Amino acid sequence: MASTDDDRRPKYQRIADNLRAAIESGEYGPGDRLPGENDLMATYGVARMTARQALGVLRDEGVAEARRGAGVFVRAFRPLRRRGIQRLAQQQWGNGRSIWSADIENRRLDVDQVTVSEEAAPDRVSTVLDLVDDDTVCVRRRRFVLDGKPVLLGTSYLPTSLVAGSAITQEDTGEGGTYARLAELGYKPVHFREEIRSRMPSKDEAHRLSMSAGTPVILVCRTAFTDEGRPVELNEMTLDAASYILEYDFDA
């Protein structure tokens, strides 16, 4: 009998597919321990390395996570659906709501690391914000934690000349956040551009986001513009790819 395409795939991939199907069917729920290497070796008649590779596939996909000395478990964290268009609508920040409120529903979001400083603008930032050589920027660095899991590192750059003395230079920018404060200053954002890339995380990023080995990060670079086309903010975000679903909903 001729072999099927599935039969020609590596054994570890077939084992990983079986485990993934069992997770999707509910046989293994969030937080449940998956069969260990010894169990997979006995069930499938494979070598330890093959069993290890199969579990590694699920870890790399963000479906499972390893716990030192305990085994591999189904990931309990529910991915965040990032609604890329709705979250930036003026009806969000213009009415005093955080742009995150479009994404998190009733889940708990904390910003547990915040620093604000005035710095010389890096070349890439100067280019995007149309700054001259001696212009400085207000830099806001934050880490966002959802349901106890770090999910995003964000760094915003805003021209100091626009925001000096405002709440934007404070850790707490108030209701509606940075965009509401910009509007009060006469620089209301009316247009946004986002660029999205992906790569493997640096050691520091993986540590700060508590990421499983092999999981990539999503890089979102957003620029905010006024009605006159003036760029007023550059926001560079690093997302744990296993923690996000990127959703874009728009009319044809």
Side-chain angles (χ1 to χ4, degrees), residues 30-31 62-68 73-119 137-158 163 166-184 189 192 194 196 198 201-213 215-222 224 233-247:
V63 174
E65 58 186 359
R67 300 178 188 172
R68 187 179 297 276
F73 294 78
V74 179
R75 187 179 173 94
F77 180 82
R78 178 163 54 97
L80 173 66
R81 188 173 293 274
R82 183 183 188 271
R83 295 175 171 87
I85 294 176
Q86 294 92 328
R87 69 196 315 268
L88 293 174
Q90 186 178 340
Q91 66 184 13
Q92 289 291 124
W93 50 266
N95 290 321
R97 294 192 296 269
S98 165
I99 63 175
W100 282 81
S101 62
D103 304 331
I104 63 174
E105 299 171 342
N106 60 349
R107 303 172 71 178
R108 177 176 175 177
L109 177 73
D110 297 302
V111 184
D112 72 339
Q113 297 176 6
V114 184
T115 63
V116 184
S117 58
E118 181 179 343
E119 302 176 16
V137 284
C138 171
V139 184
R140 301 182 52 82
R141 296 183 174 90
R142 295 91 68 213
R143 184 175 78 162
F144 295 86
V145 180
L146 183 68
D147 294 341
K149 167 72 174 70
V151 295
L152 182 148
L153 306 175
T155 303
S156 293
Y157 302 90
L158 304 103
V163 303
S166 73
I168 293 173
T169 64
Q170 306 300 313
E171 290 188 5
D172 184 358
T173 56
E175 293 185 354
T178 296
Y179 296 147
R181 302 293 82 75
L182 282 170
E184 292 168 356
F192 299 92
E194 288 194 344
I196 300 175
S198 182
S202 67
K203 184 176 181 179
D204 179 66
E205 291 167 339
H207 172 71
R208 294 184 64 197
L209 290 171
S210 301
M211 296 174 64
S212 300
T215 303
V217 290
I218 299 169
L219 306 177
V220 180
C221 182
R222 181 173 69 231
E233 183 216 31
L234 175 65
N235 190 350
E236 296 178 334
M237 294 161 276
T238 303
L239 291 62
D240 172 6
S243 296
Y244 275 88
I245 297 171
L246 303 185
E247 177 183 296

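All values derive from a computational prediction rather than experimental measurement.
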- Task: Grab the two heavy atoms, one from Pro189 and one from Ala224, that are nearest each other, plus how far apart they are.
- Result: CB-CB, 4.1 Å
- Quick one: closest heavy-atom pair of Gly31 and Phe73, and the distance? O-CD2, 3.3 Å
- What pairs with Thr169 under side-chain contact (heavy atoms from CB on, under 4.5 Å), at least two apart in sequence or on another chain? Cys138, Val163
- Item | Side chain to side chain, Leu109 and Val145, heavy atoms closer than 4.5 Å | no
- Query: So Thr238 and Leu209, side chain to side chain contact (heavy atoms under 4.5 Å, CB included) or not? Walk me through it.
  - Reply: CA-CA 9 Å; Thr238 303; Leu209 290 171; 4.3 Å; yes
- Report the residues that fulfil side chain to side chain donor-acceptor pair (under 3.5 Å) with Ser243, sequence neighbours left out, ordered by chain and then residue number. Arg75, Asp240
- Taking only residues two or more places apart in sequence, or in another chain, which ones meet Pro30 in a side-chain contact (heavy atoms from CB on, under 4.5 Å)? Ala76
- For Glu247, enumerate each residue passing the salt bridge (Lys or Arg N to Asp or Glu O under 4.0 Å) test, keeping only those at least two apart in sequence or located in another chain. Arg81, Arg83
- Query: For Thr155, what residues pass the side chain to side chain donor-acceptor pair (under 3.5 Å) criterion, not counting sequence neighbours?
  - Reply: none
- Query: Name the one of Arg140, Arg141, Arg142 that satisfies side-chain hydrogen bond (donor to acceptor under 3.5 Å, both in side chains) with Ser156?
  - Reply: Arg142
- Task: Output all residues satisfying salt bridge (Lys or Arg N to Asp or Glu O under 4.0 Å) with Arg67, sequence neighbours left out; order by chain, then residue number.
- Result: Glu65
- Message: Check this for me: does any side-chain nitrogen of one of Asp147 and Arg108 sit under 4.0 Å from a carboxylate oxygen of the other?
- Response: no
- Query: Under the side-chain contact (heavy atoms from CB on, under 4.5 Å) test, which residues partner Ala66, sequence neighbours left out?
  - Reply: Arg59, Val72
- Query: Under a 4.5 Å cut-off applied to non-hydrogen side-chain atoms, are Asp110 and Phe144 in contact?
  - Reply: no
- With sequence neighbours left out, write down each residue that passes side-chain contact (heavy atoms from CB on, under 4.5 Å) with Ser210, or none if nothing qualifies. Pro150
- Side chain proximity check, Cys221 to Met237, heavy atoms < 4.5 angstrom: no
- List for me each residue that meets salt bridge (Lys or Arg N to Asp or Glu O under 4.0 Å) alongside Glu171, sequence neighbours excluded, and say none if there are none. none
- Task: Keeping the roles fixed (side chain from Arg208, backbone from Leu153), state whether a donor-acceptor pair exists under 3.5 Å.
- Result: no
- Task: Considering only NZ, NE, NH1 and NH2 on the basic side and carboxylate oxygens on the acidic side, decide whether Glu194 and Arg82 come within less than 4.0 Å.
- Result: yes
- Asp112 meets the salt bridge (Lys or Arg N to Asp or Glu O under 4.0 Å) criterion, sequence neighbours left out, with Arg143
- Message: Is a donor from one side chain sitting under 3.5 angstrom from an acceptor on the other, for Tyr157 and Glu119?
- Response: no
- Does a side-chain heavy-atom distance below 4.5 Å link Leu158 with Ile168? yes
- Message: What I'd like to find out is whether the side chain of Leu246 reaches to under 4.5 Å of the side chain of Ile196, using heavy atoms alone.
- Response: yes
